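Let me begin by handing over the structure; questions about it come next.
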Amino acid sequence: MFFGERVAAHYDDRSAPPARETVDFLAELAGDGAALEFAIGTGRVAVPLAERGVKVAGIDNSEAMLRRLREKTTEIEVVEGDMTTTRVDGEFALVFLVFNTISNLTTQDAQVACFANAAAHLKPGGRFVIENGVPALQSLPPGQTVLPFRADPEGFSYDVYDVVTQAFSSQHFYIVDSKLEAFPVEFRYAWPAEMDLMARLAGMRLEHRYADWDRAPFTALSPSHVSVWRKL
């Protein structure tokens, strides 16, 4: 498991806290209802959302990440399990999955199941929100499969794409105690339009798509999207 103890130990140090706009966006959609975060992790987003008065619950398959969340707060109900199948009691106004984590599901079937599980938790009219990167294929030179995206004093990272299977991996290398440590992680990329079909299969329809949490217009050059689907 990528998000085991080795990653969990440094996750908060290497991940920026969410912008105020992220929490504002989610709090507005939750309204007076409850919110459920898939892949809640250490609570990077869930904790500040709960501090805004939203009742938050979460699912994650990493005991190491959840242990760190429980050290921060006991006010958030968390269930250890797979976000494609695990159920949390109750009905929610909002289910959300951020920070490109839908791509951690490495098959199309798993991604479809994730949408279905989100819909199963939502009350009628509830929303499912995903933040995800747009596949960076426009940046790949013809015939190339590798795209570097980080180089700093702590190390470097690059993505490797397979445009036939829609599989890709992020190869992270960090300098730790003067040694180079590798942190590879596998993904499956999905286009926004493909996610719209997954939502339809789950009984949801696209309501909004933005380029970011500030609701900037989504364009052909947007590197990421924040999409909102509404349960019928």
Side-chain angles (χ1 to χ4, degrees), residues 11 15-31 33-52 54 56-60 83-84 92-105 108 110-119 121-123 125-139 149 159 166 168 170 187-232:
Y11 186 82
S15 301
R20 176 182 56 81
E21 291 80 8
T22 304
V23 180
D24 288 347
F25 189 107
L26 296 170
E28 180 181 326
L29 287 184
L36 172 64
E37 183 174 9
F38 284 178
I40 192 171
T42 64
R44 188 181 69 93
V45 176
V47 170
L49 184 61
E51 290 172 347
R52 291 282 298 272
V54 177
V56 181
I59 298 170
D60 204 284
M83 64 184 172
T84 66
F92 296 85
L94 173 67
V95 177
F96 62 99
L97 176 59
V98 299
F99 212 29
N100 308 317
T101 311
I102 185 70
S103 297
N104 286 89
L105 300 174
Q108 187 182 65
Q111 292 176 349
V112 169
C114 179
F115 273 78
N117 197 29
H121 282 91
L122 288 170
K123 65 181 183 181
R127 275 90 172 190
F128 182 34
V129 175
I130 280 182
E131 175 197 26
N132 202 57
V134 175
L137 303 192
Q138 293 185 75
S139 300
F149 65 89
D159 287 334
Q166 292 181 217
F168 77 103
S170 287
F187 299 106
R188 179 187 185 270
Y189 67 80
W191 299 99
E194 184 182 3
M195 293 188 189
D196 292 343
L197 181 56
M198 294 178 186
R200 281 180 170 268
L201 292 172
M204 300 182 286
R205 293 294 185 271
L206 180 69
E207 186 172 58
H208 299 291
R209 174 163 291 129
Y210 305 107
D212 55 33
W213 296 106
D214 282 322
R215 295 180 169 85
F218 180 75
T219 73
L221 297 179
S222 298
S224 62
H225 65 101
V226 175
S227 295
V228 182
W229 296 275
R230 185 174 183 271
K231 183 176 179 178
L232 301 179

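Treat the numbers as computed from the prediction; the structure is a model and nothing was measured.
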Checklist entry - If every non-hydrogen atom of Ala35 is compared with every non-hydrogen atom of Val54, which pair is closest and at what distance? => result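 Taking Ala35 first and Val54 second, the nearest heavy atoms are CB-CG1, 3.9 Å.
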Checklist entry - Using 30° and 60° as the class limits, which term best fits the ring planes of Phe128 and Trp229: parallel, tilted or perpendicular? => result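 If you compare the ring of Phe128 with that of Trp229, the planes turn out tilted.
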Next on the checklist: For Leu221 and Gln138: C-alpha separation, side-chain torsions, deciding distance, then whether side chain to side chain contact (heavy atoms under 4.5 Å, CB included) applies.
Outcome noted: CA-CA 9 Å; Leu221 297 179; Gln138 293 185 75; 4.1 Å; yes
Next on the checklist: Which heavy atom of Pro192 sits nearest to which heavy atom of Phe218, and what is that distance?
Outcome noted: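 Pro192 and Phe218 have their closest heavy atoms at CG-CZ, 4.1 Å.
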Next on the checklist: side chain to side chain contact (heavy atoms under 4.5 Å, CB included) for Phe96 and Val45? Distances and angles first, verdict last.
Outcome noted: CA-CA 10 Å; Phe96 62 99; Val45 176; 3.8 Å; yes
Next on the checklist: For Val226, is there any backbone N or O sitting under 3.5 Å from a side-chain donor or acceptor partner on Glu131?
Outcome noted: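 Absent.
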Checklist entry - If you look at every heavy atom in Asn132 and Asn100, which pair is closest and at what distance? => result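 Smallest interatomic distance, heavy atoms only, reads OD1-CA, 2.9 Å.
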Item to check | Stepwise side chain to side chain contact (heavy atoms under 4.5 Å, CB included) check, Val228 with Phe25 | outcome: CA-CA 11 Å; Val228 182; Phe25 189 107; 3.8 Å; yes
Checklist entry - Are Met195 and Ser227 close enough that some pair of their side-chain heavy atoms sits under 4.5 Å apart? => result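 No; the side chains remain at least 4.5 Å from each other.
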Checklist entry - What's the shortest heavy-atom distance between Gly33 and Ala93, and which atoms? => result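 What the structure gives for the nearest pair is CA-CB, 3.9 Å.
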Item to check | Where Ile102 and Cys114 come nearest, the two heavy atoms and their spacing | outcome: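 The answer is CD1-SG, 3.9 Å.
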Checklist entry - Hey, which of Val129, Leu36, Ile130 is the one that makes side chain to side chain contact (heavy atoms under 4.5 Å, CB included) with Val95? => result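 Testing Val95 for a side chain to side chain contact (heavy atoms under 4.5 Å, CB included) against Val129, Leu36, Ile130 leaves exactly one candidate, Leu36.
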Item to check | Side chain to side chain, Asn117 and Thr84, heavy atoms closer than 4.5 Å | outcome: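 Not touching, per the 4.5 Å side-chain cut-off.
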Checklist entry - Side chains of Gln166 and Gln108: is there a donor and an acceptor less than 3.5 Å apart? => result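 Result is no, nothing qualifies.
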Next on the checklist: To the nearest 0.5 Å, what is the distance between CZ on Phe115 and CZ on Arg200?
Outcome noted: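 It is 13.0 Å, given to the nearest 0.5 Å.
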Next on the checklist: So, taking the atom named CG in Leu49 and the one named CG in Asp24, what distance separates them when rounded to the nearest 0.5 Å?
Outcome noted: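 Between Leu49 CG and Asp24 CG, I get 10.0 Å after rounding to 0.5 Å.
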Item to check | Heavy-atom donor-acceptor pair, Gln111 side chain to Arg188 backbone, under 3.5 Å | outcome: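 Checked: pair present.
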Checklist entry - Between Ala211 and Pro217, what is the shortest heavy-atom contact and its length? => result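 Taking every non-hydrogen atom into account, CB-O, 3.4 Å.
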Item to check | Side chain proximity check, Met204 to Arg230, heavy atoms < 4.5 angstrom | outcome: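 They are not in side-chain contact.
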Checklist entry - Got a donor-acceptor contact below 3.5 angstrom from the Asp212 side chain to the Asp214 backbone? => result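 Side chain of Asp212 to backbone of Asp214, a donor-acceptor pair under 3.5 Å: yes, one is there.
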Next on the checklist: Parallel, tilted or perpendicular, judged at 30° and 60°: which one describes the rings of His121 and Phe38?
Outcome noted: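 Plane angle over 60°, so perpendicular.
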Next on the checklist: Please check: side-chain N/O of Lys231 versus main-chain N/O of Gly126, any donor-acceptor pairing under 3.5 Å?
Outcome noted: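 Between the backbone of Gly126 and the side chain of Lys231 there is no qualifying donor-acceptor contact (under 3.5 Å).
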Checklist entry - Would Leu137 and Tyr189 count as a side chain to side chain contact (heavy atoms under 4.5 Å, CB included) if you check the C-alpha gap in whole Å, the side-chain angles of each, and the deciding distance to 0.1 Å? => result CA-CA 11 Å; Leu137 303 192; Tyr189 67 80; 3.6 Å; yes
Checklist entry - Hey, is CZ on Arg215 packed in by over 12 heavy atoms from elsewhere, all under 6.0 Å? => result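 It does: Arg215 CZ has more than 12 such atoms within range.
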Item to check | Heavy-atom side-chain proximity of Val98 to Glu37 below 4.5 angstrom | outcome: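 Side chain of Val98 against side chain of Glu37, heavy atoms only: contact under 4.5 Å found.
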Checklist entry - Measuring from Ile59:CD1 to Leu97:CG, what's the distance to the nearest 0.5 Å? => result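 Answer rounded to 0.5 Å: 10.5 Å.
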Next on the checklist: Taking the side chain as everything from C-beta on, heavy atoms only, tell me whether Val134 gets closer than 4.5 Å to Pro223.
Outcome noted: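 No, every pair of side-chain atoms sits at 4.5 Å or beyond.
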